Colleague: 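Quick one: this structure, given as structure tokens, is what I'll be asking you about.
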Amino acid sequence: MSSFQKIIVVGSGIAALSFAKTISENCQVFVMTKKQYSASNSMLAQGGIAAAVSPHDSVEQHVKDTIVAGCDHHDDRTVQEVLRIGKDLVKRLVEEGCPFDKNEAGVPQLAKEGAHATERILHAGGDQTGKTLVQFLKSQLGSHIHLYEHHHVIDLLIDDQTCVGVVWKDERGHVHTMTADAVVLSTGGCGDLYETNTNDSSVTGDGLMMAYRAGAQLVDLEFVQFHPTLLTIAGTAVGLISEAVRGEGAFLEDETGRRIMEGIHPQSDLAPRDIVSRVMFHEQKAGHQTYLNIRNVPHFKTRFPTICALCKKAGIDLTSGRLPVSPGMHFLMGGIKVNEYGETSVPSLFAIGEAACTGLHGANRLASNSLLESLVLGNKAARRIEQLPKPHTTMPHIPMQDVWPVPNISKNKLKQWMTTYAGIVRDENNLKLLLNTLEQVSFQVINVKDITNEQIELSNGWGLAICLVKSALYRTESRGGHYRMDHPERNDALWRGKQIVHEKGDIHIIEKERIDASWNVYS
Ligand code: SIN
């Protein structure tokens, strides 16, 4: 029997639901989400979930593709484990009746995306994979899982350096606390820190900053993935055009019809995302418009219903055969450093999904590996928590952060700065300028009782932006999603196997190492 009685999960995407599906009925689980449960990046995931389920594929090949895309900045054992366990979990979902799209033989249809050697992406509802998975997992939850929407968790309760609960605000702004035997952060990354992004607007880096304030390590923040194809109307991104569209034969071109990826990379339009995004960036800088030509994509309307609806809403005529696209922030490879079970360095605090950095994605995530990681880490964290002895926490008065620094800038300004100076192409001058600006911003101090949700997000975003920009300045090389114009090459002699860590107000560089499960010792 589990010795844990009460667990709080913050966030409601696939990692949170995989955790909730797995955890023993002996635990009471409170899933708290700051908006409605459907406000997550998982719900928006179009392409699918990568798993080597085809007889023509292998976990070894999937591992190889993951490491090549991620530029050798991985935890190799984690890559092996997540892809192997992920394959089994996906097979189990198929057996349980998760409605993946099937071919005529009744087996899941597999698609191809960038940097995959073969077709290995399962999808559902055409381009509604995330939404379908969320609904399927949610339908499987037992009565020991309690979902609380509009419960904005703003901070962690820490007693004797152990996480013992959360501080949250209700819809009227009233502050509450809830204690727990373990807290699992599944809050996503920080897409909303950038002006042009594919993320749900609730993904503002809150979980990362809560963990940081609690003493956990933030790592690899410089590795930001920019997706090449966001539908863009009059300079504003209005939604994602899945890479699966290129997997079905679409290609990138300029206003004259010149194919812009030709001759750049052997995988052409399906090259790793950092390469395609940079080409798009430079084309636009040179004054070109960038389009996705979809004329050769068979059955576009039935295969990509979400994208068709998006185009219709944006007033794009699909018969023109091309969609105006631009690159934008998509995924944070870095995050809260965790071990293979999602344990952070703070006892009783776990992180899973995009909020966590497991070492799977390296410097650049392979397409459709994130839903897989979320499934696996949710599952492993649940199994781990069931096994751990219950910590003997007493519950004295636990102090909470009662005042918050809120910068005197608008969120839009912060997003503009991040996009311009810490975006697809970076250099020392611009990063220094941005860091200086962020550090010089005046701020007001607001009591927790009076602070609004928007001010909390701005405060977190500002703090996280400073950490991210410092990491981007430190790493004087280009690798994966981090491209420095002044250091355009990968520098293995200086940087291979090195990780930039933010911890307790300090920044340092460590030799990247796997964290053993024993680092989180319960007594
Ligand atoms: C996409 O559909 O292009 C996004 C999939 C992913 O980022 O894994």
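Since the model is a prediction, treat every value here as computed from it, not as a measurement. Counting starts at 1 for both ligands and their atoms, in listed order.
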Colleague: With heavy atoms of E243 as the reference, note each atom of ligand 1 found under 4.0 Å away.
Modeller: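 Heavy-atom distances to E243 below 4.0 Å select 1 (C), 2 (O), 3 (O).
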Colleague: For the rings on F304 and H299, is their centre-to-centre separation under 6.0 Å?
Modeller: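 No, the ring of F304 stays outside the 6.0 Å limit from the ring of H299, centre to centre.
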Colleague: Assign the ring pair H116 / H62 to parallel, tilted or perpendicular, where the plane angle (0 to 90°) is split at 30° and 60°.
Modeller: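 Ring orientation of H116 relative to H62: tilted.
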Colleague: Against heavy atoms of R273, which atoms of ligand 1 measure under 4.0 Å?
Modeller: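 In order of number, 1 (C), 3 (O), 4 (C), 5 (C), 6 (C), 7 (O), 8 (O).
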Colleague: Name the option, out of Q225, E113, H330, that contains the heavy atom nearest to atom 7 (O) of ligand 1.
Modeller: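 Ranked by closest heavy atom to atom 7 (O) of ligand 1, first place is H330.
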Colleague: Identify the protein heavy atom lying closest to atom 2 (O) of ligand 1, giving its residue, its atom name and the separation to 0.1 Å.
Modeller: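 Checking every protein heavy atom, the shortest distance to atom 2 (O) of ligand 1 gives S242 OG, 2.6 Å.
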Colleague: Do the side chains of F226 and H330 get nearer than 4.5 Å, heavy atoms only?
Modeller: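 No; the side chains remain at least 4.5 Å from each other.
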Colleague: Just to be sure I'm reading this right: ignoring hydrogens, which of S368, S370, A45 gets closest to atom 8 (O) of ligand 1? Compare them by their nearest heavy atoms.
Modeller: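 That would be S368.
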Colleague: Only heavy atoms of A367, strictly under 4.0 Å: list the atoms of ligand 1 that pass.
Modeller: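 Per the distance check, 8 (O).
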Colleague: What part of H123, side chain, backbone, both or neither, has a heavy atom within less than 4.0 angstrom of ligand 1?
Modeller: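 H123 to ligand 1: no contact under 4.0 Å from either part.
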Colleague: Do any nitrogen or oxygen atoms of G47 come within less than 3.5 Å of a nitrogen or oxygen of ligand 1?
Modeller: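 Yes, G47 has an N/O under 3.5 Å of an N/O on ligand 1.
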Colleague: Would you say OH of Y421 has more than 12 non-hydrogen atoms from neighbouring residues, nucleotides or ligands within 6.0 angstrom?
Modeller: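 Open: at most 12 neighbouring heavy atoms sit under 6.0 Å from OH of Y421.
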Colleague: Report the residues that fulfil ring-ring contact (aromatic ring centres under 6.0 Å, His included) with H151, sequence neighbours left out, ordered by chain and then residue number.
Modeller: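 ring-ring contact (aromatic ring centres under 6.0 Å, His included) check on H151 returns Y148, W168.
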Colleague: Tell me every residue that passes side chain to side chain donor-acceptor pair (under 3.5 Å) with R426, counting only those two or more places apart in sequence or in another chain.
Modeller: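 Scan of R426 (side chain to side chain donor-acceptor pair (under 3.5 Å), adjacent residues dropped) gives H482.
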